[in-house]
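Take a look at the structure set out below.
We name chains A, B, ... by the order of the sequence lines, and we start the count at 1 in each one. It should be emphasised that the depicted structure is a prediction, and the values quoted were computed from it without experimental measurement.
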Amino acid sequence: MDSAQDIPDSTDWLQTPLKEFAQLESALHCQICKEFYDTPMITSCSHTFCSRCIRTSLSADGRCPTCRSADQASKLRKNWALQEVVATFIAARPAAIGVARREQEQVTQTKRPGKRKRAVLDSDDIEQARSEGRNTRSKSRRTAASQTSTVDAIEIEDSDEDADGAYEPEPVPDDGLVQCPLGCGKRMKIEQVEPHLDRCEDEKKLEKRAKLRTPANGYIGSRPASGQSARPLERLAELNYSLLKEQPMRKKLEELGIPGWGSRQLMTKRHTEWVNLWNANCDNNLPRSKRELLHDLDTWERTQGGRAPNSHGLSNGVMRKDFDGVGWASKHGDEFSRLIADARRKKSNPATASSSPNNEQMTEDPAKPALNGDEGSSSHFDLTSPPQPQPTTETPVAPYAEHPEALASIRDKVEAAKAGEPIEPAMNQGFVSQQQQEQPDITITTPAAAANGKPNEQDIPIPQGSENLALLSQGHFGHPEEHDEAGKNWDEHSPGGGRRGTPCELPAHLHGSPRKVPMFAVPSRPVSDSETSGGGGAVQ
Amino acid sequence: MNSVASKRLFQEYKHLTTDPPDGITAGPVNEDDLFVWEAMILGPEGTPYEGGVFPAELKFPKDYPLMPPTMRFLGGVWHPNVYPNGVVCISILHPPGDDPNHYEQASERWSPIQSVEKILISVMSMIAEPNDESPANVDAARMWRERRPEFEKRVRADVRRSLGL
C-alpha cells in the first residue's frame, strides 16, 4: 500500500486525449483481480482469467465466473497471444501515457505543479516492463534484419497454415531466387530447392526447439533462475479431501513442505491454496522459486488462513502457543516505554491533564481493535495525543486531577492484553481499591457537586473507568453490548459506594495493601489519603 | 499485509474515485482497513426516492472477491427489498451457487467478476424498481403492491426527514 497512488489504472487515460485507451486497458484486465492478466488461461467456455484467479475461483465454485458453466482447473489452457499483448502493452504504457499527459498539458495550457508527467508503476511492473522492453527491442531488431528477404522467424509460432497465408501479400524481391515452398522463409536458387526440401522440415523443428529454450514470447529471465531448470515443474493434483483422515492429510501437507498445523478444515483450505499457487506458478513461463510461493502462502495464512485476525480484533496469532512473544516485545518495546513515560509525565504534572475524562474514548477503547481487525501492529491507540482537556460546564476542572492516570493505566492494560500478557486481577483490584479510596476526597473537593447535592453524576466516569479494568481483567474484549450492559449495572451500583470497582466484592485485605500495586505509576498521594481517610467508600 | 482481497479492493477504490458512476460515491471508511466501506447513493430520478441521499455500509469478507460483501443502509430505507434494519436483499449480493428457493437464477448471484461499482448500480436500480417477489420488508412490499400512493407518500416523507426539511 506504499505505492498507493501509483497503481496503474485504466482510468489514468481518462484525463488525456486518449480516452479510448481506458477501454483498451480494461480489456487487458482480468475480471477477477481487475489487474493486468498475469499468465492468462482460457477456460473451456473460452473466457480468460489470470491463472491464479481462475484456479482459486474454480476451487471455490467449480464454475466459470463469467458464464457459470462448470469447468475444471485441469481443462485450462494457456492464452499465449493475450499474454504477449499484455506484456507489450505494459511495456509501452509508461511512454504512451507520458506522451498523452504532455499532450493534455499543452492543450489545457495550464501548469499543474506536482502533476507527474510519467506514469509511475510499482516496482514489479517496472521490472517487468524493463525486461519486456529489452526483449521487444531485440525482437524488432531481429525483425528489421530479416525483413529484406524473409519473414521473421518468430511468426512460425503460428500454425503453418496461418503462416502461409501471411506470406502471400509479401512483395517478392526481384533477385532471381525462389522461396522455399514449405514456407520456412528461405530463399534460394531454383536448383537448390530440391535438396533443401529434404532438410527443411528438420530445420524448422530445430529452430522451434531452440526458441523454446530462449523464450520467444517476451520473457527473458529477469529473475535468477536458481536451480529452476533442474526442478521439474509438475502440477499438483487436488486431493479428495473428504476421503483423507486428519493424520494422513497432515503428513501429506508436510511432505509438500507446507505447514501442517490446524484443523482439518484449515488444512484443506491451505492445501487448496497451495495447489492453486503451485499450479499457477507452473503455468507461468517465468516460474518463481518455492520460497517465494511459500511467502505467498504465508500472506494467505495471515489474511485468510489460520493466522488471520478474528472478528474480535485479537489475532489468533497472539494466542497461539508458538507465538513469537520476544519478537513482539522487541517490536513494540518502544510503545511500552513511551506509555510508561507518558504515565509518569502525567503523574508528575496532574494539573495540566484532563479533568473530564473522555468517556466516549474510554468506552470505545476495548472495541477499537475489533474494528481495525489488524494484527495489532498498527492498531494501537493514538497515545501520542493524550485526551485534550475539555472542560465542560457540567464538570469542574480540578477534582479529577488524578484521573488521567487511570486512563493511562487502562491503556496500558489494553496494550498488555493485546500483547498477550497475562493480566493479574490483583493489580486491577489494587488499583481500583486505591481509586475508590480517592473517591471521598474528590466528592469533598468538588464544590459544584456539593452544591448540587448530586455526587453521583460526578461518579460516573470513575465507575466506567474501573469497569473497563474489570472487564479487561476478565478477558472481555470487543463486546460493546456486553460492555454497555455492565456499564449500566455499575451506574446502578455506583451510589452504593462500597461496591465500586470490580464486579466481585473487594476483599478487605486489599484495602490494607495498596502498596502492592506495581502498575507503572503508583500515585503516592492517593495512597496516603487512603490511610488517613480509613479507606473504602464509607465516607461518602 | 497485501492479500489478494485488499489489492483488489484498492484497485476498485482507485477506479471508483477517478471515474465514479452518476449518483454514487464509495470508499473505505478508513484507508487502513479496506474491508469496511461507506457508500452514498442518490435516490434515482423519477422515483419517490428522488432527492434523497442514502448512506450505506459495505463489509467485505476476507476471501473477497470469491464471496460477496454485505450491504446495509445506515438510515434505514422503506423499501420492499431492504430489511427494517437496513440490510439490502439483492441477488447480486448472494453467494455464488443456486438459490435454494429458486427465486433467482444463478446468473444473477455474486461472482468474482462483479464489483462494488456493479453492486451499487444494481442497488440503485433496485431502489427504482422494487422486486416484490421475495420481499425483505413484507409490510413495505404489501404497501407498494396494494397502496402505491401511500407508499410513495411515506417514502417522500422519509426522504424529507432524512434531509432535515
Side-chain angles (χ1 to χ4, degrees), chain A residues 1-15 19 22 26 29-36 47 49-50 52-54 56-69 269 273 296 298-305 307-311 371-375 377-379, chain B residues 1-21 27-38 57 59-70 91-92 94-99 104-119:
Chain A
M1 225 162 288
D2 301 321
S3 51
Q5 294 308 309
D6 303 336
I7 293 182
D9 188 77
S10 59
T11 50
D12 291 346
W13 297 99
L14 292 177
Q15 291 114 34
K19 288 187 178 53
S26 45
H29 280 177
C30 165
Q31 285 298 297
I32 296 179
C33 61
K34 316 275 182 199
E35 289 180 58
F36 281 115
H47 294 109
F49 306 95
C50 300
R52 190 178 168 189
C53 294
I54 185 63
T56 320
S57 186
L58 282 178
S59 59
D61 196 16
R63 284 169 190 280
C64 164
T66 304
C67 67
R68 315 216 183 227
S69 58
K269 275 165 81 181
E273 185 69 19
D296 276 11
D298 187 53
T299 308
W300 173 85
E301 196 78 67
R302 278 184 287 117
T303 51
Q304 289 177 46
R307 284 184 218 265
N310 63 15
S311 54
L371 289 176
N372 270 326
D374 201 327
E375 278 233 6
S377 54
S378 62
S379 68
Chain B
M1 207 179 311
N2 231 348
S3 69
V4 178
S6 56
K7 249 164 97 182
R8 158 140 175 192
L9 283 169
F10 199 88
Q11 200 84 23
E12 288 198 55
Y13 176 39
K14 175 154 191 213
H15 194 91
L16 272 170
T17 36
T18 39
D19 185 24
V29 178
N30 172 355
E31 288 203 5
D32 291 334
D33 182 9
L34 288 167
F35 290 88
V36 182
W37 283 35
E38 192 168 38
E57 179 188 65
K59 282 188 178 164
F60 297 87
K62 298 288 174 207
D63 54 355
Y64 183 79
L66 290 181
M67 285 296 153
T70 56
S91 55
I92 195 177
H94 295 160
D98 284 317
D99 177 20
E104 54 205 23
Q105 289 160 1
S107 59
E108 295 169 349
R109 294 166 74 96
W110 176 257
S111 146
I113 62 164
Q114 305 294 1
S115 61
V116 178
E117 184 180 342
K118 284 185 190 154
I119 292 173

Separation between [atom1] of [X] and [atom2] of [Y], rounded to the nearest 0.5 Å:
X        : Y        : atom1 : atom2 : answer
B:Asp63  : A:Glu273 : CG    : CD    : 10.5 Å
B:Gln114 : A:Ile32  : CD    : CD1   : 11.5 Å
A:Thr303 : B:Phe35  : OG1   : CZ    : 7.0 Å
B:His15  : A:His29  : NE2   : NE2   : 9.5 Å

Practice task
Heavy-atom distances under 4.5 Å only: say whether A:Thr56 touches chain B with side chain, backbone, both or neither.
Solution key: both

Problem - Contact class of A:Leu14 relative to chain B, heavy atoms under 4.5 angstrom - result: side chain

Exercise for the section: Take A:Lys34 and B:Ser115 through the test side chain to side chain contact (heavy atoms under 4.5 Å, CB included) and record every step on the way to the result. Expected result: CA-CA 9 Å; A:Lys34 316 275 182 199; B:Ser115 61; 4.0 Å; yes

Exercise for the section: May I ask you to test the A:Thr66-B:Ser111 pair for a side-chain heavy-atom distance under 4.5 Å? Expected result: no

Practice task
Taking the side chain as every heavy atom from C-beta outward, state whether B:Leu66 and A:Ser57 have any pair of such atoms under 4.5 Å apart.
Solution key: yes

Exercise for the section: Step by step, work out the side chain to side chain contact (heavy atoms under 4.5 Å, CB included) result for B:Arg8 and A:Glu35. Expected result: CA-CA 8 Å; B:Arg8 158 140 175 192; A:Glu35 289 180 58; 5.9 Å; no

Problem - Greater than 12 external heavy atoms within 6.0 Å of B:Lys59's NZ - result: no

Completion exercise
Heavy atoms of B:Arg109 and A:Arg68 approach each other most closely as O-NH2, 2.7 Å

Handout entry: Salt-bridge present (B:Lys14, A:Asp12; N to O < 4.0 Å)
Key = yes

Practice task
Identify, with sequence neighbours excluded, every residue that meets ring pair (Phe, Tyr, Trp, His ring centres under 6.0 Å) alongside A:Trp300.
Solution key: none

